[in-house]
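Reading through the structure tokens given below for one structure.
When reading the values below, keep in mind they use all heavy atoms of this one structure, side chains included, and skip hydrogens, waters and symmetry mates. Only a predicted model underlies this, so the values are computations on that prediction, with no experimental measurement involved.
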Number of protein chains: 2
Amino acid sequence: MTQPVQTRTLKTRARLLEAAREVISETSHGALRVEEVVRRAGVAKGTFFAHFKDKDALMDRLIGERMDLLLSDLEACPPPQSTADLVRDLGPFVAFMRSERYVFDVILRYSGAAAREEIGPIAATFERFILLLAPKLAAAPFRKDADPAMLAEGVQAFIFNALGLSFCALHSDDPLDGRLEAYFDLWLLPPGGATA
Amino acid sequence: MTQPVQTRTLKTRARLLEAAREVISETSHGALRVEEVVRRAGVAKGTFFAHFKDKDALMDRLIGERMDLLLSDLEACPPPQSTADLVRDLGPFVAFMRSERYVFDVILRYSGAAAREEIGPIAATFERFILLLAPKLAAAPFRKDADPAMLAEGVQAFIFNALGLSFCALHSDDPLDGRLEAYFDLWLLPPGGATA
DNA sequence: AATAAATATTGACCGTGGTCATTTTTGCGA
DNA sequence: TCGCAAAAATGACCACGGTCAATATTTATT
């Protein structure tokens, strides 16, 4: 064998991905239709499914790469000095997750490695999220009696919870941030530290 | 007006629900097909959608009623004396949520009142969950520096989180319970209480 | 009882994700 | 340069959720 894949394969996949990004940028994730993607990519429908297990796998990849970019920004932030700082630093990441109901649903479904043994892009992003956040939490003035990785997992859980509730009543951003901060205060701050 | 709905309506809806329960008990939630339900109920397809906004609305209702039953069992439990007690009492409720990946997905999607202004059965169940669990947590030997309702919300968030992870690697029940207890220890126990 | 208005039911039809036997393209050894 | 086997692409086809104009049934009015 020369290469595991032909260059043609790579090219076709790249065209599919580019077409998909185009569609999403013009409309939204939820409005993406496979038929529109293959039309723009100039390939047959079957080809799409030779490259992606299903439409969700494409979404997993596209959403995963967006989240990864956002995570790199988060990585560049210094350790938060308060829960309010943390909420602020998390802002863009959280904002993307709630940008569309459909996006949130996909993220939810794939955040836990998606029923497949192979870990997907979104699940990998959340692994990275924990790995990246744990040392920051450890360096922040937060409770020291718990494994930082576990604290990070809690932060993740509370984000999901707050987001789920935020999609309920369609209130603006404010209640979300406030709710997150309240969760974080209880979860991250050592008890007795009166100031929020 | 006499009644808001005709008796015919009630009968048809009951037949649809009964047919759906039948299908699920013979196969699974995920295997339910609307066409099979209407066939068994002896009505046309369009009739189904006159009674339920979509297939998910039927699932919302069926899954919601199951969870409600499980919640009543939980309600009958005395306040837990430890986080291990809590994990045990939560057992059947959690077991149902993880019984099928599809069920968990539906629950996740609808737990936050499902993008609709009207609150659905699953969302109502989680409201009841908080209302029911809060006083139990307050009566248990857990931390007293937080609003019990908030503690209950945290319990819910950690359940979702642990379940999401549990669907990843398909390990058995044990790691789930252990993970839950670890979360609860950190979230519910006053720091300093050394014993787990 | 006759008629009209409101409500429920019907089923042909559509959109869209996904499949698969067949055909085309590619890489490679003779 | 000519097969030939493996990989990739094709597009007709299917499954299934969901729609809607037409029809049937019930209820209210006289």
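Looking at heavy atoms from C-beta onward, Leu133(B) lies out of side-chain contact with Gln156(B) at the 4.5 angstrom threshold. Annotation: side chain of Ile130(A) is not in contact with side chain of Phe126(A) (no heavy-atom distance under 4.5 Å).
Although no hydrogens or angles enter the test, the distance criterion places a donor-acceptor pair under 3.5 Å between the side chain of Arg128(B) and the main chain of Asp68(B).
Distance CD (Gln6(B)) to C1' (dT25(D)): 7 Å, rounded to an integer number of Å. One interatomic measurement links the two molecules: NZ of Lys11(B) to P of dT25(D), which rounds to 15 Å at whole-angstrom precision. One can place CG of Asp54(A) at 22 Å from P of dC14(D), the figure rounded to the nearest angstrom. Nucleotide dC14(C) holds its C1' atom 12 Å from the CD atom of Glu35(A), rounded to whole Å. With rounding to whole Å, Phe48(A) atom CZ is found 11 Å from dT19(C) atom P. What separates CZ of Phe49(B) from P of dC16(D) is a distance of 13 Å, to the nearest Å. One atom, CG of Leu32(A), and another, P of dT16(C), lie 11 Å apart when rounded to the nearest Å. Across the protein-nucleic acid pair, Asp56(A) atom CG and dT16(C) atom C1' stand 13 Å apart, rounded to whole Å.
Map Thr47(B) and Arg8(B) each onto its nearest nucleotide of DNA chain D; the residue landing nearer the 5' end is Thr47(B). Comparing Ala44(B) and Lys45(A), the nucleotide of DNA chain C nearest to each residue sits closer to the 5' end for Ala44(B). Taking the nucleotide of DNA chain C with the nearest heavy atom to each of Gly46(A) and Arg33(A), the more 5' of the two is matched to Arg33(A).
A salt bridge links Glu36(B) and Arg40(B); the closest N-O separation between the charged side-chain nitrogens and carboxylate oxygens is under 4.0 Å. Arg21(A) and Glu18(A) are joined by a salt bridge, as a carboxylate oxygen and a charged side-chain nitrogen come within less than 4.0 angstrom of each other.
Phosphate contact (OP1/OP2 of dT7(C), side-chain N/O of Thr9(B), threshold under 4.0 Å): absent. Proximity of His51(B) to the phosphate of dA8(C): no side-chain N or O atom is located under 4.0 Å from OP1 or OP2.
Within 4.0 Å of Leu58(A), counting heavy atoms only, lies no atom of the nucleic acid at all.
Picking from dG17(D), dT10(C), dT7(C) the nucleotide with the shortest atom distance to the side chain of Val34(B) gives dG17(D).
Side chain Lys55(A) to base dG18(C): no donor-acceptor pair is found below 3.5 Å.
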